2 protein chains.
Amino acid sequence: MGVTKTQNFTEGQNQIAAYAKALAHPARVAILQYLLKKQTCICGDLVGELPLAQATVSQHLKELKAVGLITGTVEGTSVCYCIDKHKWEEVRDVFFNIFSSNVECQDSCC
Amino acid sequence: MGVTKTQNFTEGQNQIAAYAKALAHPARVAILQYLLKKQTCICGDLVGELPLAQATVSQHLKELKAVGLITGTVEGTSVCYCIDKHKWEEVRDVFFNIFSSNVECQDSCC
DNA sequence: TTATTATAACGCAATATTACGATTAAAACT
DNA sequence: AGTTTTAATCGTAATATTGCGTTATAATAA
C-alpha cells in the first residue's frame, strides 16, 4: 500500500520515524551538513552545492522545512536558509535518548 | 523517478541516510525499542507485539537485518532476534557525530 | 517598464515502500 | 509419515518518494 499505519504506534515512535525520515536521503544530509559547516545562514546558491536540479533541491528543502529542522526567510531576491537551533536540539535529544540504551544481551545466541 | 542518486554523494552522507532510513518507520522503531527494553534475544512472538500482519513484520525485520542492526538466529522452530551491539554503537556514533555540531548562526535573519 | 535573477510550485514519469493474503520451508511434535 | 508452529518469500495493490522540465512569482536591475 505504501501508507504507514501511524495510528497504531505511539506518538514517540512516529516522531522518531519522522525525524529519521528527514535524514533518510543523502541530499538532505548534505544540506544540513553544509548549513552546519558554514555556521551561518545561506542566503543564495544552495543548488550549486548539490548534484541535483533546482526543482529537486527545492523539494528537499521543503521537506526539511516541513519537519522544522530548517527555516527559510526571504531576503530580497534570495532566501536565507538556517538550521532551527531549537528543533535541531530537540531532534538531537530524541536520537540521543534512544541510543543511550545499552545493548546487554545475556543470551547465548548472540 | 523514485531512485536516489547515491553516486553523487559522499559515502558518509549515504551511510547516514541509510541508517536514518532504517529508523524511518514506526514499526522498526518499535522493534528496536522492544529489543532494547527486553535486554535479551526475542525468540518468538515479535508479531504479537506489533499491530501488523506477520508478513509485514517479517519485511521490517529483513530491512533491519539488511543494515546490520539486528541479527536473527534460528532456534529450533522460532528465530532469535537480537540487536547487534557493534552495529548499534556504530550507528549511534554516526548520529552523535552529526548532532555534536553546534548551531551558531551569527546572522540577523535567524 | 522591461529584463533578469532566484526560488517556489505544478505536473509528470519512474522507482520505492508499505501492507497483507497466500504459499513455502524447516523444525518439532504426535 | 502427518501435523503443528514459526517465520521467510511471493505476488499484488496502493501509496510515497525522487527527480526534473516547466511554469509561476517576486524582488532587483537596467
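In this text, all values refer to a predicted model and were calculated from it rather than measured experimentally. A note on names: the letters A, B, ... follow the listed sequences, proteins ahead of strands, and every chain is numbered from 1.
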(request) For A:Ala55, report the nucleic acid contact type (base, sugar-phosphate, nothing); a contact means any heavy atom under 4.0 Å. (result) base
(message) Check this one for me: any side-chain N or O of B:Lys62 less than 4.0 Å away from OP1 or OP2 of D:dA7?
(response) no
(message) With heavy-atom distances below 4.5 Å as the criterion, would you say the side chains of B:Val103 and A:Leu36 are in contact?
(response) yes
(request) Measure the distance from CG on B:Leu52 to C1' on C:dT17 and round it to the nearest whole Å. (result) 13 Å
(request) Would you indicate whether A:Lys62, at its atom NZ, is surrounded by more than 12 heavy atoms from other residues, nucleotides or ligands within a distance under 6.0 Å? (result) no
Compile the donor-acceptor pairs under 3.5 Å between side chains in residues 95-102 of chain A and protein atoms, sequence neighbours left out, one pair per line.
| from | atom 1 | to | atom 2 | distance (Å) |
| --- | --- | --- | --- | --- |
| A:Ser100 | OG | A:Asn97 | O | 2.7 |
| A:Ser101 | OG | A:Ile98 | O | 3.1 |

(message) What is the separation between atom CD1 on B:Ile31 and atom P on C:dA19, rounded to the nearest whole Å?
(response) 11 Å
(message) For the OG1 atom of B:Thr56 and the CG atom of B:Leu50, what is their distance to the nearest 0.5 Å?
(response) 10.0 Å
(message) Between B:Pro26 and A:Thr4, is there a side-chain heavy-atom distance shorter than 4.5 Å?
(response) yes
(message) Under a 3.5 Å distance rule, please check whether A:Arg28 uses its side chain to pair with a backbone N or O of A:Ala22 as donor and acceptor.
(response) yes
(message) Are the side chains of A:Val29 and B:Asn14 in contact, using a 4.5 Å heavy-atom criterion?
(response) no
(message) Output the rounded distance in Å from CG (B:Leu61) to C1' (D:dT9).
(response) 14 Å
(message) Expressed as a whole number of angstroms, how long is the span from B:Glu75:CD to D:dA8:P?
(response) 14 Å
(request) Please list, by residue number, the residues of residues 4-17 of chain B whose heavy atoms come closer than 4.0 Å to an atom of DNA chain D; answer none if no residue qualifies. (result) B:Thr4, B:Lys5
(request) Rounded off to whole Å, could you give me the CG-to-C1' distance for the B:Leu50 and C:dA19 pair? (result) 13 Å
(request) Assign A:Glu63 to base, sugar-phosphate, or nothing according to its heavy-atom contacts below 4.0 angstrom with the strands shown. (result) sugar-phosphate
(message) Looking at C:dT17, I'd like to know if its phosphate oxygens (OP1 or OP2) sit under 4.0 Å from a side-chain N or O belonging to B:His60.
(response) no
(request) Taking all heavy atoms of B:Pro51 and all of A:Lys5, pick out the closest pair and write down the distance. (result) O-NZ, 3.9 Å
(message) Closest-nucleotide mapping onto DNA chain D: is A:Val3 or A:Ala53 further toward the 5' terminus? I mean the 5' end.
(response) A:Val3
(message) Quick one, B:Ile16 and A:Gln33 - any side-chain contact, counting heavy atoms below 4.5 Å?
(response) yes
Filtered N/O pairs between nucleotides 4-7 of chain C and protein, under 3.5 Å:
| from | atom 1 | to | atom 2 | distance (Å) |
| --- | --- | --- | --- | --- |
| C:dT7 | OP1 | A:Gly44 | O | 3.3 |

(request) Check the distance between D:dC10's P and B:Gln59's CD and give it to me in whole angstrom. (result) 11 Å
